[in-house]
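For reference, the structure discussed in these notes is given below.
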Amino acid sequence: MSRFSRGLIVWYKQNERDLPWRKTSDPYKVWVSEIILQQTRVNQGLNYYINFVNCFPTVFDLANAAEDEVLKQWEGLGYYSRARNMHAAAKEVAYNLKGEFPNNYDQLIKLKGIGPYTAAAISSICYNEHRTVVDGNVFRVLTRIFGIDTPINSSKGKKEVETLAHELNDDGDHGTFNQALMEFGAIYCTPKLPKCNGCMFKLECVALKTGMVDKLPVKEKKLKIRHRFLNFLFVIDQNNQTIIQRRNENDIWKGLYQFPLIETSKEESEEIVLSNCNYAFIKGATINSVNSSKHKLTHQTLYIRIISLQVKFDNTNLPPDYQLINFNDIGEYALPKPLDNFCKHIL
DNA sequence: AACCCGGGGAC
DNA sequence: GTCCCAGGGTT
């Protein structure tokens, strides 16, 4: 076995963080941790992991839960398809696989929400299958140490790093190697200000020798940011009732709940927004207040406006798919972050 | 291959 | 403001 893998694993055993999913061999819990940590830093996902496995201790508990319940646990974490796909996969495991979690890469990757990374992670960590993970950390560490300047978001660059990583994963403990490589990227070989001075690879790192540390990995293509103008109507009547609607379209926040929405293509005044919408329940309503905020996502900038309206509901006018609830029960529904912030603010 | 999907932390 | 995080699904 190579000096690289041996040294890395020794480093890991001395420096690994104390994290709950490293103390279990239950593939269900390892799976939950891997899904939560997709595109999510450990510090952001840690409490969600603890709450999630507490709420759904086994794959049967998750399978038997309602989707709204699962999404409520996921509220605020983002990328909600992870929760929906994990719920669907839990049903598959519980009902069609008799609760026995797939124990190899080829079966794991068939489950919804499990792609090449997660299948490699679970199969190597739980079953010591010889699979190698390639995540953002692995891309960064290996392109720097080996001086690879092929764009990592090209298929050529991906394959180059995958092949290298798999060759380096030549110690017998493949799961530990994978976790060590990712941990090294997360703690030492960070995107900004990596700790090159104390790095165990400082003598051989091509990027350090050639002054390319802050240039690698190379990524081409910049994404365009879409601007959207979301006007929500927070209507409330004398009995503290309000209207919500489940987002079921293929868009951000699918499966979460929102107040009645009027989306415009550009900034509009409240008067224009209200006059151009055909919600019957706002007839004769008076504006209590208007709350504006900007919510920045990776691919979209959302200009959020929440118009609070005092109304008297005429139940016959409630459109289909809209629900009348007591505002005191709003906490039972998973809300997009900006709406959750609003509700917490006015309570 | 290109695009979509959240939220937050570090700088 | 910029970058990117223990990625995956869809088209």
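Just so it is clear, the structure is predicted and the values come from calculations on it, not from any experiment. Here is the naming used below: chain letters follow the sequence lines, and residue numbers restart at 1 for every chain.
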- Taking for each residue the nucleotide of DNA chain B with the nearest heavy atom, is it A:Lys221 or A:Leu335 whose nucleotide lies nearer the 5' end? A:Lys221

- Query: Can you give one letter per nucleotide of nucleotides 1-11 of chain C, going 5' to 3': B for a protein heavy atom under 4.0 Å from the base, S for sugar-phosphate only, - for none?
  - Reply: S--BBBBSS--

- Message: Strictly below 4.0 Å, N to O, side chains only: are A:Arg3 and A:Glu204 in salt-bridge contact?
- Response: yes

- Message: So that I can compare with my own list, what are the stems of DNA chain B, taken as at least three consecutive Watson-Crick or G-U pairs with distances under 3.5 Å?
- Response: B:1-5 with C:7-11, B:7-11 with C:1-5

- Under 3.5 Å, side chain of A:Thr242 to main-chain N/O of A:Val235, donor-acceptor pair present? yes

- Pairs satisfying side-chain hydrogen bond (donor to acceptor under 3.5 Å, both in side chains), at least one member in residues 66-79 of chain A, at least two apart: A:Glu67-A:Arg246, A:Asp68-A:Arg246, A:Asp68-A:Tyr257, A:Lys72-A:Glu75

- Task: Determine whether A:Arg305 and A:Phe229 make a side-chain contact, defined as any pair of heavy atoms from C-beta on separated by less than 4.5 Å.
- Result: no

- Message: With a 3.5 Å distance limit and no angle check, can you tell me whether A:Asn96 reaches the backbone of A:Lys91 through a side-chain donor-acceptor pair?
- Response: no

- If you measure only the distance, is there a donor-acceptor pair under 3.5 Å linking the side chains of A:Ser123 and A:Asn104? no

- Identify whether any heavy atom of A:Thr190 sits under 4.0 Å from a base atom; if not, whether one sits that close to sugar-phosphate; answer base, sugar-phosphate or nothing. nothing

- Message: Looking only at side-chain N and O atoms, does A:Asn328 offer a donor or acceptor that is under 3.5 Å from a partner on A:Asn326?
- Response: yes

- Message: Main chain of A:Asn64, side chain of A:His87: is a donor-acceptor contact present, judged purely on distance under 3.5 Å?
- Response: no

